[in-house]
Number of protein chains: 2
Amino acid sequence: MLKKTKTRELIKNLLKNSSSPLSAQDIFNLLKDQNITLSSIYRTLDTFYKNNIVSKESSHDNTIVYSISGDNHKHYLECKICHKTIDLGFCPYHKVNEQIFKKHKFLVNEHNVIIYGICDNCNTTTTK
Amino acid sequence: MLKKTKTRELIKNLLKNSSSPLSAQDIFNLLKDQNITLSSIYRTLDTFYKNNIVSKESSHDNTIVYSISGDNHKHYLECKICHKTIDLGFCPYHKVNEQIFKKHKFLVNEHNVIIYGICDNCNTTTTK
DNA sequence: CTTGTAAATGCGAATAATTCGCATTTAGGA
DNA sequence: TCCTAAATGCGAATTATTCGCATTTACAAG
């Protein structure tokens with residue numbers, strides 16, 4: 001079972017309310033008046049990850065960012081060229097995950113919050 | 001335009017033939033008799049990424065791993081507990097990507113090769 | 001086939017990200 | 001209230017990634 005601590009509550013709330021995935025360093029900066037160490041943040045995120053409370057992925061600059069999992073998680077389209085993001089507003093993977101569960105009895109944890117690609121604007125600009 | 005070099009061809013072939021995503025260090029180890037630097041490998045992977053030749057994601061131990069993109073790319077289910085992988089054998093995201101393109105004119109680059117979750121075996125074992 | 005030049009690479013150092021060890025504190029069950 | 005395993009702070013160690021600069025190379029132009 002998971003102990004309820006100040007550090008964990010703070011980090012979970014940050015992630016719940018954030019409109020984008022956060023790195024350990026991001027969280028550290030946001031909590032810098034709270035006397036919480038970077039190593040604790042890393043450990044907390046790791047614990048959350050193992051308990052399926054958060055998902056993680058590589059951001060475009062190669063740091064790892066975390067998002068809250070669960071029912072009302074979000075998804076973003078991020079352009080690899082201009083890095084603008086579009087809030088998808090829904091999870092496009094529900095059906096896929098159900099199919100995977102039916103076929104393989106494999107329970108997918110929601111993740112892959114950032115969906116990378118090329119936005120309309122960059123596409124028409126670069127191919128012209 | 002992208003120059004054709006020995007380093008690039010070697011790395012591309014490795015990724016094409018690999019049955020799992022590879023880290024920069026993995027590639028370095030596999031090519032250690034070829035006199036290629038780690039920094040070149042990083043630069044090459046970065047170039048490939050920007051040109052949509054490879055996709056990248058965070059592996060379970062927080063290093064970044066790369067996979068070849070394109071028509072015959074693969075997908076794997078990886079259990080967060082035992083780390084066993086299952087080859088999905090097809091891309092479950094084609095339809096989703098098409099829908100996203102229709103709605104947002106956003107061209108998703110294939111990625112998210114590793115799909116994390118809990119496998120049947122670990123699930124029945126841990127919940128018992 | 002030569003030559004010029006921008007791009008790619010090797011090398012090694014610098015930086016940034018992540019993990020670890022250990023002493024201290026704390027949550028929560030007994 | 002007490003006990004103990006788990007969580008945290010602190011700082012050092014390790015690992016991953018990036019950078020600067022000199023040298024080499026792909027390839028387009030002549």
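Numbers restart at 1 for each chain; the letters A, B, ... are given by sequence-line order, proteins then strands.
- The hydrophobic cluster containing A:Val113, built from Ile/Leu/Val/Met/Phe/Trp/Tyr side-chain heavy atoms closer than 4.5 Å, also comprises A:Tyr76.
- Without hydrogens or angle criteria, B:Asn51 side chain to B:Ile53 main chain gives no donor-acceptor distance under 3.5 Å.
- DNA chain D lies under 4.0 Å from no heavy atom of any residue of residues 12-28 of chain B.
- Checked by atom type and distance alone, the side chain of A:Glu57 never pairs as donor or acceptor with a backbone atom of A:Tyr66 at under 3.5 Å.
- At least one donor-acceptor pair closer than 3.5 Å links the side chain of A:His73 to the backbone N or O of A:Gly70.
- Residues B:Lys56 and A:Asn62 bring a donor and an acceptor atom of their side chains to less than 3.5 Å of each other.
- The stretch residues 36-52 of chain B touches DNA chain D through B:Ser39, B:Tyr42, B:Arg43, each having a heavy atom under 4.0 angstrom from the strand.
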Short heteroatom pairs, N/O only, protein and nucleotides 25-27 of chain C, under 3.5 Å:
unit_1 : atom_1 : unit_2 : atom_2 : d
C:dA27 : N3     : A:Lys3 : NZ     : 3.4

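- Only B:Thr63, B:Ile64, listed by number, bring a heavy atom of residues 57-64 of chain B to less than 4.0 angstrom from any atom of DNA chain D.
- At a threshold of 4.5 Å between non-hydrogen side-chain atoms, the residues B:His104 and A:Leu88 count as touching.
- In this structure a side-chain-to-backbone donor-acceptor pair under 3.5 Å is present from A:Arg8 to A:Lys3.
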Distance-only criterion, 3.5 Å: show the donor-acceptor pairs between side-chain atoms of residues 32-42 of chain B and protein atoms not counting sequence neighbours.
unit_1  : atom_1 : unit_2  : atom_2 : d
B:Lys32 : NZ     : B:Asn29 : O      : 3.2
B:Thr37 : OG1    : B:Ser40 : OG     : 3.3

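- Applying the side chain to side chain contact (heavy atoms under 4.5 Å, CB included) test to B:Leu30 and every residue at least two apart in sequence or in another chain returns B:Leu14, B:Leu22.
- Under the ring-ring contact (aromatic ring centres under 6.0 Å, His included) criterion, B:Phe28 pairs with no residue, sequence neighbours left out.
- No continuous path of ILVMFWY side-chain contacts below 4.5 Å connects A:Val108 to A:Phe48, so the two sit in separate hydrophobic clusters.
- Reading DNA chain D from its 5' end, the first and the last nucleotide to sit under 4.0 Å from a heavy atom of chain A are D:dA5 to D:dT18.
- Taking the six-membered ring for Trp, B:His75 and B:Tyr93 have ring centres closer than 6.0 Å.
- If you check the side chains of B:Asn52 and A:Lys80, you find a donor sitting under 3.5 Å from an acceptor.
- Evaluation of the ring-ring contact (aromatic ring centres under 6.0 Å, His included) rule for A:His83 yields A:His60 as partners, not counting sequence neighbours.
- Note on the helix from C:dC1-D:dG30 to C:dA30-D:dT1: terminal axis deviation equals 50°, with five pairs used at each end and the result rounded to 10°.
- Linking ILVMFWY residues whenever their side-chain heavy atoms come closer than 4.5 Å, directly or via other members, leaves B:Leu2 and A:Ile118 in distinct clusters.
- Looking at residues two or more places apart in sequence or on another chain, you find a side chain to side chain contact (heavy atoms under 4.5 Å, CB included) between B:Ser20 and B:Ser18.
- One N or O on the side chain of B:Asp26 and one on the backbone of B:Ser23 form a donor-acceptor pair closer than 3.5 Å.
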